[in-house]
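Single-structure report; data block below.
Side chains are part of it too, since the values below use all heavy atoms of this structure and drop only hydrogens, waters and symmetry mates.
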Amino acid sequence: MDAEAIVTIKEFFDFPFKFCSTLGIRLYKWSKSERTTIVQIILLTNLLLHTSLYPILLVIYQINMDPDDILGRTTSLAISLFCVNAVTKILCVAMQHKKLGKIIHKLIKYFPTTFKGQEDFNLHYEFTTMRRVSSIMLWNHLLTAVLFDITPPMTFVIEYVRSGGKKQFNFILPYGIWYPWDYHKIGAFIFTYMTQVLGSYVAVIAYVVPDLLLISVVALANMNFRYISKLIREFHPNFMIDEVNDVFSLSILLSFFGFGGMLCLVGFNVVAGNSIVDILTYLLFISSILLIMYYLSAYGTKMITLVSRKAIAIRFKRIQKSIIFQSTDVSVALADHSWYDGSVYYQRMLPFPIARAQRPAQLLAYKFFVVSMESFQSLLTTSYQLFTLIKTRYDEQR
């Protein structure tokens with residue numbers, strides 16, 4: 001991106017809104033002239049069909065599975081948990097689209113539109129960082145889905161070549177789902193295979209979009225916190241963080257709970273799997289969900305804490321460490337400015353915003369816990385304990 005170009009606020013939301021529109025969902029209208037199209041209705045119908053039918057088909061598949069096939073059952077459970085989590089997350093955010101609109105209106109109000117203003121806000125750095133993080137999160141998940149989708153045909157081709165052309169086509173689908181028709185015929189198999197490919201895309205986009213949207217909102221919020229801390233003269237104590245938590249708190253909670261279960265189940269499949277292709281696929285799956293939770297936790301921590309430049313220099317000298325709150329750095333800025341030149345009334349009123357600013361802004365997982373690297377570490381520990389339990393039971397049964 002050209003460093004001299006003016007960045008618009010729409011560019012911050014390009015990724016989440018464009019990919020969300022492929023599901024038929026429009027979370028925000030940039031202009032009153034935008035209308036619902038036939039394509040959007042078709043895509044939304046496709047989303048509703050997937051979200052209403054596949055949970056039932058997955059449950060039936062689980063019921064019909066061999067109870068001794070632990071590896072297959074955990075694989076199916078991991079995929080099922082991912083799909084249910086994805087659909088729930090996107091629907092939770094979609095139902096809060098009005099509050100999301102209010103948040104974007106506030107962001108537009110404070111968004112710098114001139115080159116000088118964007119330079120003062122250090123906007124280009126925040127934009128490039130946010131775009132890089134979003135790209136990693138999105139394409140890593142899409143690559144994982146593609147690898148899952150092409151694993152059965154790739155495996156067949158390898159076995160076909162090794163057998164000297166004697167291997168018969170086995171009609172194996174990428175995902176274990178029950179269907180009310182016989183897909184062991186070439187026409188029915190192609191149709192069923194394509195529905196699974198489409199379903200995997202829907203699940204990935206539904207899972208990633210709420211987190212991409214949250215990253216965009218938090219990146220803009222953090223940019224404003226930095227600017228306020230730098231040039232503060234007036235302070236609004238509650239910079240929309242309550243609204244952000246109203247929209248995303250349930251989505252965050254589902255991300256963390258779903259992440260723990262998926263990490264545990266998929267980690268077990270990595271250990272118990274036999275095929276190199278399967279192991280690589282599961283490892284990529286783990287890295288995908290780890291990346292999302294890591295970046296969410298990192299952005300949540302960044303909202304809470306920020307190491308000052310002076311403290312960074314001191315830290316590298318190993319003399320001392322000094323951590324201050326990014327959102328509470330506003331109180332430091334209030335104390336550092338020339339308050340003593342103000343009137344007596346101004347000086348008497350100043351302690352109130354200072355006291356309020358000392359309470360940090362925090363991302364909440366539906367009031368259960370604060371999103372930070374500490375909660376991420378705690379979740380990893382819990383997932384590892386569950387993984388150890390499942391692995392022990394599996395080894396005993398063998």
Evaluate the side-chain proximity of [Y] to [X]: yes if any heavy-atom separation is below 4.5 Å, no if none is.
{"X": "L380", "Y": "M293", "result": "no"}
{"X": "L198", "Y": "M194", "result": "no"}
{"X": "L123", "Y": "P112", "result": "yes"}
{"X": "F191", "Y": "Y179", "result": "no"}
{"X": "V371", "Y": "F256", "result": "yes"}
{"X": "V59", "Y": "W178", "result": "no"}
{"X": "C92", "Y": "T88", "result": "yes"}
{"X": "I9", "Y": "W30", "result": "yes"}

TODO: Start with the C-alpha distance between L138 and I205, add both sets of side-chain angles, then the distance that settles side chain to side chain contact (heavy atoms under 4.5 Å, CB included), and finish with yes or no.
DONE: CA-CA 8 Å; L138 175 64; I205 297 303; 4.1 Å; yes

At their closest point, which heavy atom of [X] faces which heavy atom of [Y], and how far apart are they?
{"X": "T128", "Y": "Y125", "result": "OG1-O, 3.0 Å"}
{"X": "C83", "Y": "A203", "result": "SG-CB, 4.1 Å"}
{"X": "P174", "Y": "D149", "result": "CG-O, 3.6 Å"}

With a sphere of 6.0 Å drawn around [atom1] of [X], does it hold more than 12 non-hydrogen atoms of other residues, nucleotides or ligands?
{"X": "I38", "atom1": "CD1", "result": "no"}
{"X": "K102", "atom1": "NZ", "result": "no"}
{"X": "W139", "atom1": "CH2", "result": "no"}
{"X": "E159", "atom1": "CD", "result": "yes"}
{"X": "F171", "atom1": "CZ", "result": "yes"}

Can you check whether [Y]'s main-chain N or O pairs, donor with acceptor, with [X]'s side chain at less than 3.5 Å?
{"X": "S251", "Y": "V93", "result": "no"}
{"X": "N85", "Y": "L254", "result": "yes"}
{"X": "T281", "Y": "F148", "result": "no"}
{"X": "Q118", "Y": "I6", "result": "no"}
{"X": "S378", "Y": "E374", "result": "no"}
{"X": "S287", "Y": "L284", "result": "yes"}

Joint hydrophobic cluster, [X] plus [Y], side-chain heavy atoms closer than 4.5 Å:
{"X": "V209", "Y": "V146", "result": "no"}
{"X": "I172", "Y": "L58", "result": "no"}
{"X": "I56", "Y": "L49", "result": "no"}
{"X": "L280", "Y": "V157", "result": "no"}

Going from [atom1] on [X] to [atom2] on [Y], what distance comes out if it is rounded to the nearest 0.5 angstrom?
{"X": "M65", "Y": "L77", "atom1": "CE", "atom2": "CG", "answer": "8.0 Å"}
{"X": "S135", "Y": "L212", "atom1": "OG", "atom2": "CG", "answer": "9.0 Å"}
{"X": "L290", "Y": "M262", "atom1": "CG", "atom2": "CE", "answer": "10.5 Å"}
{"X": "I252", "Y": "L214", "atom1": "CD1", "atom2": "CG", "answer": "5.0 Å"}
{"X": "S200", "Y": "L147", "atom1": "OG", "atom2": "CG", "answer": "11.5 Å"}
{"X": "L48", "Y": "I41", "atom1": "CG", "atom2": "CD1", "answer": "11.5 Å"}

Task: Counterpart residues, side chain to side chain contact (heavy atoms under 4.5 Å, CB included), relative to Y384 (two or more places apart) - done: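 Here the qualifying residues are F387, T388.
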
- [ ] Ignoring hydrogens and angles, state whether a donor on the side chain of T22 or Y201 is under 3.5 Å from an acceptor on the partner side chain.
- [x]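 T22 vs Y201: donor-acceptor pair found between side chains.
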
- [ ] May I have the step-by-step check of salt bridge (charged side-chain N to carboxylate O under 4.0 Å, His left out) for D120 and K116, ending in yes or no?
- [x] CA-CA 6 Å; D120 291 339; K116 179 62 168 62; 3.0 Å; yes

When the ring planes of [X] and [Y] are compared, do they come out parallel, tilted or perpendicular, using 30° and 60° as the limits?
{"X": "H141", "Y": "F82", "answer": "parallel"}
{"X": "F189", "Y": "F169", "answer": "perpendicular"}
{"X": "Y160", "Y": "F156", "answer": "tilted"}

Task: side chain to side chain donor-acceptor pair (under 3.5 Å) partners of residues 186-195, not counting sequence neighbours, each pair once - done: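 Output for this query lists W181-T192.
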
Open item on the list: Between Y295 and I136, is the side chain to side chain contact (heavy atoms under 4.5 Å, CB included) condition met? List the steps.
Closed with: CA-CA 10 Å; Y295 282 127; I136 292 173; 3.6 Å; yes

Task: Set of salt bridge (Lys or Arg N to Asp or Glu O under 4.0 Å) partners for K18, sequence neighbours left out - done: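 In terms of salt bridge (Lys or Arg N to Asp or Glu O under 4.0 Å), with neighbours along the sequence ignored, K18 is linked to no residue.
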
